[in-house]
Engineer: 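Pasting in a structure now, in structure tokens, and then I'll have a few things to ask.
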Amino acid sequence: DSGVTQTPKHLITATGQRVTLRCSPRSGDLSVYWYQQSLDQGLQFLIQYYNGEERAKGNILERFSAQQFPDLHSELNLSSLELGDSALYFCASTTGESFLDYGYTFGSGTRLTVV
Amino acid sequence: GENVEQHPSTLSVQEGDSAVIKCTYSDSASNYFPWYKQELGKRPQLIIDIRSNVGEKKDQRIAVTLNKTAKHFSLHITETQPEDSAVYFCAARRNDMRFGAGTRLTVKP
């Protein structure tokens, strides 16, 4: 157990629907990062939050949004889902600010299947 | 933003041989370079990392080298074993972590 908790583990939904993925960081970690990994693809950075505030944005579609709550858990909202959104979604957490050199601890991921 | 390129995309070696995976990065301000191993359907796990003030780091059969001038870093696995078979990702970090596309390593017994 990495200490980073992601729920649900699996999600199957239809095109056009909206889903919410949840991530609870390790105790004490303030930063949460979201990544998308499509089949046989690398990890595409979506967005980072630090202590409730958006800190960095990657290739995140406008249909996707995220937030980090006061208890530091984060949610990734995916709307108007398309078949191509099917992927593994990982979150990772780190202790501190972006300038600190900490390796990520990844959660186990949420496998989203859009049918 | 940072762009990380990783080669090769697939690598097949015989058990006991060495494997080398190379990455280049674009942002000279990147200061942290981790490597992750991902087994099928599982989360990426950090196996070794190197900071920009270090040229080489070893941990048993795994080593990483960094050439800041050339902006490239490499993962070296010696005496490979079948359980080393996985996808390996390099990454470079300045403000956020950008990953290479991954290398699928297969170690044949």
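Lettering follows sequence order; numbering is per chain, from 1. Because the structure is a prediction, the values reported are computed rather than measured.
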Engineer: Hey, is A:Arg55 close enough to A:Glu53 for a salt bridge, meaning N to O under 4.0 Å?
Structural biologist: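 Here A:Arg55 does not pair with A:Glu53 in a salt bridge, since their nearest N and O are not under 4.0 Å apart.
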Engineer: Charged N to carboxylate O under 4.0 angstrom, B:Lys57 versus B:Asp49?
Structural biologist: yes
Engineer: Go through the atoms of A:Lys57 and report whether side chain, backbone, both or neither lie under 4.5 Å from a heavy atom of chain B.
Structural biologist: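 Looking at A:Lys57, just its backbone touches chain B.
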Engineer: Can you tell which part of B:Gln38 gets under 4.5 Å to a heavy atom of chain A, answering side chain, backbone, both or neither?
Structural biologist: side chain
Engineer: Would B:Glu5 and B:Lys22 pass as an ion pair if we require N to O under 4.0 Å?
Structural biologist: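 B:Lys22 and B:Glu5: not salt-bridged.
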Engineer: Identify the residue among B:Trp35, B:Phe33, B:Tyr36 that makes a ring pair (Phe, Tyr, Trp, His ring centres under 6.0 Å) with B:Phe99.
Structural biologist: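 Among B:Trp35, B:Phe33, B:Tyr36, the one that satisfies the ring pair (Phe, Tyr, Trp, His ring centres under 6.0 Å) with B:Phe99 is B:Tyr36.
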Engineer: Please classify the contact between A:Gln44 and chain B as side chain, backbone, both or neither, with a heavy-atom cut-off of under 4.5 Å.
Structural biologist: neither
Engineer: Heavy-atom distances under 4.5 Å only: say whether A:Phe106 touches chain B with side chain, backbone, both or neither.
Structural biologist: both
